[in-house]
Structures are given as C-alpha cells and as structure tokens.
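All remarks here apply to the structure that follows.
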Amino acid sequence: MERRVSENPFGEFRRECRDLLLRVLEKISPDLMTYKVALEIPPNPQFGELTSLICFEASKYLSKPPLELAREIEAISKSELGFFPLLESIEAAGQGYVNFHANFERLSSLTIESAIALDKEYGYVKTEKPEKIIVEHTSVNPIHPIHVGSARNTFLGDSIARILKARGHSVSVHYYVDDVGRQSAIVAYGYKLLGRPKPSSKPDHFIGAIYAVTNCLLEIRRLKKLLERSKDELSHDEAQRIRNILDDWVAVAVELQEKFPDIFSSLLEAFEKVADPESEVNLLMRNYEEGDSEAKELIREVSSLCLEGFKQTLERAGITFDSWDWESDFIWSGDVARCLNALKKTPYVFRSGDVFEFDAESVARDFGLKEALGMKKNYEIPSLTLGRSDGTTLYTTRDIAYSIWKLENADRVINVIGIEQRLAQIQLKLALYALGYSGKAERLIHFAYNLVNFPGQRISGRRGRYITLDEAMDEAVSRAYEEINKRSADLTEEEKRKISEFVGIGAVKYALIETDPLKPIVFTWDKVINFERNSGPYIQYSHARACSILRRAPRRIEEADFSLLKEPIEHEIILLIARFPEIFMEAADNLRPNIIADFANSLADKFNAFYASLPVIKAEPPELSNARLMLVNATRITLRNALFLMGIEAPQRM
RNA sequence: GGACCCGUGGCCUAGUCAGGAUAGGGCAUCGGCCUCCUAAGCCGAGGGUCGGGGGUUCGAAUCCCCCCGGGUCCGCCA
C-alpha cells in the first residue's frame, strides 16, 4: 500500500464521512444538502467512530421516521463506499443514527505513520491565517513573590503562547511591570526606611516581606487615626466596622512579626519616628510619576530587585518572555497623558469633583455593545475614575495607553488577567471604542481565570498570606526526588535531580492548567502535588514507559502491517492519536489549554491499559510486535507533543 | 441591592458554546494483580433526583424562565 502522511488523520476520516453523506443525501433529495452536516463522536465504539444526527432533523422535512431515512442512507451508501478508503461501513442504528465505522487497517496506518513521520510537528496543524499575537501574562506586581495563585496565570499564559505558536502564529510574550501604583511606592518607602538593605533571602521574597509589613503598619496607623479623629462623627455601627477591620490588620501584624521578626521590628521602629508615613508614600508616588530622579532611582531599584527574583523562579519553571514592558515608561513618554487628553475630548468624559470620570455606560449604549460584552440591557456599567485628585494616574487609565501600544504592534492581544478585573477590562475596552479604535478594541481579548484560594481564606499579597511558587516547586520536586530515588536507584545523582525537577514542576503545572480556568481552585498540597492518575507525572510516566519499551526493543521498526492491531484498546489509542490534531486546533482557536491536559490524560490512560494487558516486544508473531512497536512510538510522540504544549517536560526515564 | 461566573456520587472534575444512544474520569472505600517491556501502574465492586421547580423538544446535564446556594465585581486599589 502506498504510504501516506496526513497532518490530521481523523480529519481525513471526517471529511470522507461528510463527503459520502453529502453524496447520498443528494441522491435522496438535493434539499437535504442544505442541512448542517455535523458529525459527532459517538459515546461508544460499538456505534462507530463518527455519527450523524441528520435523520432526526430531516425526518420532519421528508415526513419519514428518522430510522427509515437512516436505513435508506445505509443502503445507498453501500455502492459509494469504494470511493472512501478510510470507511469500512455505514449503518443505521438506534432511533435514527447513521454510524460511520472506520477501516482500521487504513486509519491505523495513516495515523501511526503520520505521527512518526511528522514527529515533533505531529498534531500542530498550522493555521491558514497566521496572526501577530501578543500574549501578556503573569505581570505580577514587583512587590511580592509569584504565589501559587498567580502561577495559574503564568502557566495558563505560557501554555496559550505555546499553543498559538505551534498553530503557526507569530507570538510575542509580554510581561507588564506595574511599577507605578501606590503599592510600589509603599514597598519602596519601606525599603528606604530600612536603609536600602541588601536582600538577606531570595530578592522577591525579601521585598515581599518588606511590602507586607510596611503595608500592614500603614493600614493600622491609618485606621487608628480614622477612629481617633472622627470619634464623635462616627455612628456606633460605623466605628465598630472600622474596629473590626483594624482587628483584622492587627492579626496580620502578629503573623508577620512571627514570619519576619527582623524586618518587622526594624520597620516598626522606623515608623515611630515618622509623623505621617501616609503622605510620604503619596509624595513618593507623585514624584515617581513626575520623573523625579531620586524617586526613579529608588522605585526602579526595588522593582528590579523583585524582578530578579521572578526571573529566577520563571527560569526554573521554563517560562520565558520576549518583552518586559515597564508601566512607568508609558507615563514618562507622555503616552498616558496623550491618551487621557484624547479621551477628554470625547463626549464620554465628565468632571466629578476634582477628577474626570469616563462614562463607560454611554459608550456601550451608543456603540450597541452591551450584548456583545455579555451584559444585560438594563445593567448600568459603572463609570471609571481616570485619575487621582492629586494629579497621579490610575491603573486602568495607564492600561488604556499600554493596550493601544500593544494593539499597534499586533493583530490580536491576549491579556491573561484574573476574572476579578473583568469590569475594569470592559471599561478599558469601551475607552478604546470611545477613542475611535473600534477595530483595535475587537482584537483585545481578556483571557479570564479564577482565583486559587486556601481552604477558608483568600490568598493575599497585601497581608503576606500566600504560598510562593518557589515553595510549591521545592516541595513538589523534593517529593518527586524521594520517589525517583526509590524506584530508579541506578540513575546518576544528576539524572535524578534533573528528572525530579521535571516531575515536580510538571505536577504543579498540570494541576493549574487542568481545571477549567473559570472555576476557582481550593489549594491543597495533595491536589497541586499529585503524582497519581490524572496528573502531570502520570502522563510523564506513561511517556517514560513508552520510551522504555522502545529502548529495549531489539530493532528499530520503520514499517509494519497495521491490520494486525485488532484489539479494542489498540483501536482506542489509534483513534486518540488520530484526533490529537483536531483537539489541538480546538485548543488553539478557542484558547482552551485545559483540553490539552484532558487529552493527554486520556491517552495516558489508554496507553497504560494497553501496557498492562498486551506484550509489545515479546508479542507473537514478530509482525505483530513490529506493529505494536510503531504504535508505542506514535503514542510516545503524541504524549510528548501534548506535554510540550503545557510546558511540561517529557522525561525518557523516571 | 445590581451584574457576571460557578453548582454533576462523601470530595474533586469532563461533558454545557454548536441538545441526541447506558452522564465519562480521578480521590477516598472495598476486593484482586509484580519469577513477564518501570506497580507514579493495571483489573474489578459499590456509590448519581447532573442545585430545585417550571417550559421548549420526538429527545435536556446541555436551550429559555423563575428560585436556591457559593464565588467575584460594583475603589481617587491593582
């Protein structure tokens, strides 16, 4: 048989089914051709590899029971079958399904040979419309370490970038360094009070401690003052409410004092000497925006220190960026001011007290965007405050300028940002419409994901309540090392270290990519460091097993008789491998990295079942062994390629 | 109060956009399987009013309406 290679084997089968069905429908009644011919995956192999539901639709039109029509299709298709090599048979079933059964000899051959021939490219079907895409992800403020909650952002973003690249887009990955906000001024102020110390630990952890303590002391000072100053004006309830918040922060202070005793006591001491730390922070923030050289030097120093720590973490996790975009640069270049002025010239900005407000609601109404934005008609979108009364800028306003810059440099911009910023992202988008950038606005995508919380409480950078990504990776890697030390004692120390890195980090990545991004995750160590079924390591293990078989095989096989692969489990594996390209396309075109995780897990499942029940190397006759070896190789390639899209290493041994 | 998201066995989760055949997995529990390619594995068992109620449909976890529960947002924070 002629050897063929397809980038999408199941797609070929799907096309044949559709073509055949259309031919048959034309014979029955040309009007049927207008029906949507959607072919679906049947729930059970006994119903074939694809199924059509067209008879249920068409039965009304032809006033014929669905099953009768299905039988008619079955009968007519018999004479056409010869033109469609990947099809074995068509049969009417159930209430009126038309089931398509594949010719497994040919589908197996096409699938396995394609996977092996395309190797590192298998599954990565290229788009017909390559775009320039900017993916902005992580963008953790440079004031505390990357914690496991923001790691969800990092890994989803990284996976999206990998998937889009594999799809043939030109992808540029950006990190937005938010150094302008009040938070940066707070941490810089604390850092200055401490006399700009050299970090005594990993720089981002060190900065995170300073930030949490400084912020906490500021909050306590502010709340106490508030209670004191307005003792007589406050209602009883109001005063009680503030006292409760204060109590909360005092509890935070106790936690922080325990965790960072040195920083805490030094900062507490320094704070007592300052009359009004609050205004000093505000001054620093203002000076920074104005480009005051002392403020610039200080805040850039703190931010860079923190970023240095991020880069260590990200490098370990295998995450890279093409561009680090400093928010402050957009202020100093005048972009933000220009953008603000332009916005003020539109009819959508009004004054409210000392500040300008952006009337997002009117834009949505005038441009008829409510429905497209997923909002109810009667819901009034809140306005957006564009600046502080002291003249400094606000985050979303700065983000408008940044977004325009990104959109000028790309066909599509994907922002991986927490779902809690949904409203702000909508307001931002509406501002682009108001500015006359409708085309750009449509190409701006907010990829939203939900929070990772601890059981019973929120992760909070401001309170210093978090588990860092570093800790999570350390813990996962050390557990992986124990495991690998037990089972693969013959590996060198270096190999063991390397593999435990892959496995531990793979576990964390998988756990954060696998769940639907819109669902909140409750953090537990057992969930994030899972090495059992439905985990990164489970897939890696399956890959290593496939490698192990191939390593031990006495010969390299380049062709085989695939008609010998008759076991149902073999067919299931082949089908999954064949479907990988279309699952990949779905993941790429709908931004769904989690379905790659799901797919890889299913394939690993099937492969392990196969592994346990059927011999490969010792299979008899040798021709069967050959065919299985090639199946194992195709599985290995597909698992590896799926793992790659999640940024998970595929070790050959573990 | 309003808007958005989520609700699937004890716990976690796929399927919901594009409605179809006995609702897939995993954890935990119980019972089996290593002189045989890595047991991070495999096989089997029990366990489900798909949050509730209406509706549309030949057919609803999936679509529509109402309600309930949880989360998020509604800041001169980011």
Side-chain angles (χ1 to χ4, degrees), chain A residues 36 38 40 42-44 46-47 51 53 56 59-60 65-66 93-97 99 139 141 143 178 180-184 352-357 373-376 378-382 384-390 392-396 398-399 417-424 426 448 450-451 453 461-462 480 483-484 486-488 503 507 514-516 518-522 524 526-527 530-535 537-542 544-553 590 594-595 598 601-602 604-605 608-619 628-629 632 653-654:
Chain A
K36 190 177 51 185
E40 297 185 10
N44 190 306
Q46 77 185 84
F47 303 131
T51 190
L53 304 166
F56 295 99
S59 73
K60 282 167 221 154
Q95 302 299 303
Y97 300 93
N99 294 338
S139 301
N141 294 353
I143 54 171
D178 177 10
V180 176
R182 198 159 181 280
Q183 301 183 336
S184 282
S352 165
D354 292 339
V355 296
F356 290 99
E357 293 274 328
L373 294 171
M375 306 250 151
K376 278 198 176 166
N378 56 347
Y379 169 68
E380 187 163 340
I381 302 172
L384 173 73
T385 306
L386 290 170
R388 295 193 184 86
S389 45
D390 69 357
T392 56
T393 58
L394 286 168
Y395 171 78
T396 307
R398 300 190 293 265
D399 204 7
I417 300 178
I419 196 165
E420 70 277 7
Q421 286 197 43
R422 195 184 128 86
L423 175 61
I426 285 171
N450 219 312
L451 268 39
N453 290 318
R462 296 179 191 196
E483 194 67 33
I484 198 156
K486 247 189 288 177
R487 59 181 62 236
S488 300
V503 171
E514 175 243 11
T515 304
D516 182 335
L518 290 176
K519 291 193 180 186
I521 292 180
V522 176
T524 59
D526 286 348
K527 194 187 290 176
N530 176 20
F531 294 171
E532 296 181 311
R533 285 183 270 189
N534 192 19
S535 74
Y538 175 70
I539 299 160
Q540 291 173 313
Y541 180 64
S542 312
R545 279 180 143 184
C547 290
S548 177
I549 293 175
L550 296 168
R551 191 168 53 240
R552 287 167 191 273
N590 299 304
N594 54 314
I595 67 173
D598 214 60
N601 185 54
S602 303
D605 264 343
N608 281 316
F610 163 82
Y611 184 96
S613 63
L614 300 169
V616 177
I617 293 169
K618 291 185 178 163
R628 284 190 180 153
L629 279 166
V632 169
R653 298 196 53 180
M654 59 188 275

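Protein chains get the first letters and strands the later ones, always in sequence-line order, with residue 1 at the start of each.
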Query - Donor-acceptor pair (no angle test) under 3.5 Å: A:Ser613 side chain, B:C42 base - result: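 Looking at the base of B:C42, it does not pair with any donor or acceptor on the side chain of A:Ser613 (distance under 3.5 Å).
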
Which nucleotide, if any, forms a Watson-Crick or G-U wobble pair with [N], using both distances under 3.5 Å?
| N | answer |
| --- | --- |
| B:A3 | B:U72 |
| B:C77 | none |
| B:U57 | none |
| B:G44 | B:C30 |

Give, for atom [atom1] of [X] and atom [atom2] of [Y], the distance between the pair rounded to the nearest 0.5 Å.
| X | Y | atom1 | atom2 | result |
| --- | --- | --- | --- | --- |
| A:Gln421 | A:Tyr395 | CD | OH | 4.0 Å |
| A:Leu373 | A:Ile426 | CG | CD1 | 5.5 Å |
| A:Arg182 | A:Thr392 | CZ | OG1 | 10.0 Å |
| A:Leu451 | A:Glu420 | CG | CD | 5.0 Å |

Give the rounded distance in Å between these two atoms: [atom1] of [X] and [atom2] of [N].
| X | N | atom1 | atom2 | value |
| --- | --- | --- | --- | --- |
| A:Leu451 | B:G71 | CG | C1' | 9 Å |
| A:Lys486 | B:C34 | NZ | P | 20 Å |
| A:Gln421 | B:G75 | CD | C1' | 13 Å |
| A:Asn99 | B:A21 | CG | C1' | 9 Å |
| A:Tyr538 | B:A39 | OH | P | 13 Å |
| A:Arg653 | B:C37 | CZ | C1' | 13 Å |
| A:Tyr611 | B:C43 | OH | C1' | 16 Å |
| A:Tyr541 | B:C37 | OH | C1' | 11 Å |

Tell me what [X] touches on the nucleic acid: a base, only sugar-phosphate, or nothing, going by heavy atoms under 4.0 Å.
| X | answer |
| --- | --- |
| A:Gln46 | base |
| A:Arg462 | base |
| A:Ile417 | nothing |
| A:Val522 | nothing |
| A:Thr51 | base |
| A:Ala424 | base |
| A:Ala480 | nothing |
| A:Arg628 | nothing |
| A:Leu53 | base |
| A:Pro43 | base |
| A:Gln540 | nothing |

Strictly under 3.5 Å: I want the nitrogen or oxygen pairs between protein and nucleotides 54-61 of chain B, one per line.
none

Query raised in the report: Can you name the ring-ring contact (aromatic ring centres under 6.0 Å, His included) partners of A:Tyr611, sequence neighbours left out?
Result: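 Partners of A:Tyr611 by the ring-ring contact (aromatic ring centres under 6.0 Å, His included) criterion come out as none, since no residue qualifies.
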
Query raised in the report: For A:Phe610, which residues count as a ring-ring contact (aromatic ring centres under 6.0 Å, His included) partner, sequence neighbours excluded?
Result: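 Testing A:Phe610 for ring-ring contact (aromatic ring centres under 6.0 Å, His included), a comparison that skips the adjacent residues, returns A:Phe607.
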
Report task. Return the nearest nucleotide to the side chain of A:Ala612; candidates are B:G41, B:C42, B:A21. Result ->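 Nearest to the side-chain atoms of A:Ala612, counting from C-beta on, is B:C42.
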
Query raised in the report: Out of B:U22, B:C73, B:G41, which nucleotide sits closest to the side chain of A:Asn44?
Result: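 That would be B:U22.
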
For nucleotides [N] and [M], find the distance between their [atom1] atoms and express it as a whole number of Å.
| N | M | atom1 | value |
| --- | --- | --- | --- |
| B:C50 | B:U62 | C1' | 10 Å |
| B:G54 | B:A18 | C1' | 25 Å |
| B:U8 | B:A3 | C1' | 26 Å |
| B:U57 | B:U13 | P | 35 Å |
| B:C64 | B:C5 | P | 11 Å |
| B:G75 | B:A28 | C1' | 44 Å |

Sequence neighbours excluded, which residues qualify as salt bridge (Lys or Arg N to Asp or Glu O under 4.0 Å) partners of [X]?
| X | result |
| --- | --- |
| A:Asp390 | A:Arg286 |
| A:Arg551 | none |
| A:Glu357 | none |

Query raised in the report: Using the purine O4'-C1'-N9-C4 or pyrimidine O4'-C1'-N1-C2 torsion, is B:C34 syn (within 90° of 0) or anti?
Result: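 What B:C34 shows is a syn base, its glycosidic angle lying within 90° of 0.
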
Query raised in the report: A:Arg628 pairs by side-chain contact (heavy atoms from CB on, under 4.5 Å) with which of A:Ile549, A:Ile617, A:Leu614?
Result: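 It is A:Leu614; the other options fail the test.
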
Query raised in the report: How does protein reach along nucleotides 1-7 of chain B, written 5' to 3' as B (base within reach of a heavy atom under 4.0 Å), S (only sugar-phosphate), or - (no contact)?
Result: -SSSSSS

Taking side chain to side chain donor-acceptor pair (under 3.5 Å) as the definition, give me every residue that meets it alongside [X], ordered by chain and number, with sequence neighbours left out.
| X | value |
| --- | --- |
| A:Asn450 | none |
| A:Arg422 | none |
| A:Asn141 | A:Gln183 |
| A:Asp605 | A:Tyr538 |

Query raised in the report: If you find the nucleotide of RNA chain B closest to A:Thr515 and the one closest to A:Phe610, which residue's nucleotide is nearer the 5' end?
Result: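 Nearer the 5' end of the strand: A:Thr515.
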
Report task. Would you kindly compare A:Leu423 and A:Ala609 by the position of their nearest RNA chain B nucleotide and give the one closer to the 5′ end? Result ->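 With A:Leu423 and A:Ala609 compared, the 5'-side residue is A:Ala609.
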
Report task. Before giving the answer on side-chain contact (heavy atoms from CB on, under 4.5 Å), spell out for A:Leu394 and A:Leu386 the whole-Å C-alpha distance, their side-chain angles and the decisive distance to 0.1 Å. Result -> CA-CA 6 Å; A:Leu394 286 168; A:Leu386 290 170; over 6 Å; no

Pairs under 3.5 angstrom, nitrogen or oxygen only, protein versus nucleotides 25-32 of chain B, please.
unit_1: B:G26; atom_1: OP1; unit_2: A:Arg533; atom_2: NH1; d: 3.4
unit_1: B:C27; atom_1: OP1; unit_2: A:Arg533; atom_2: NE; d: 3.4
unit_1: B:C27; atom_1: OP2; unit_2: A:Arg533; atom_2: NH2; d: 3.4

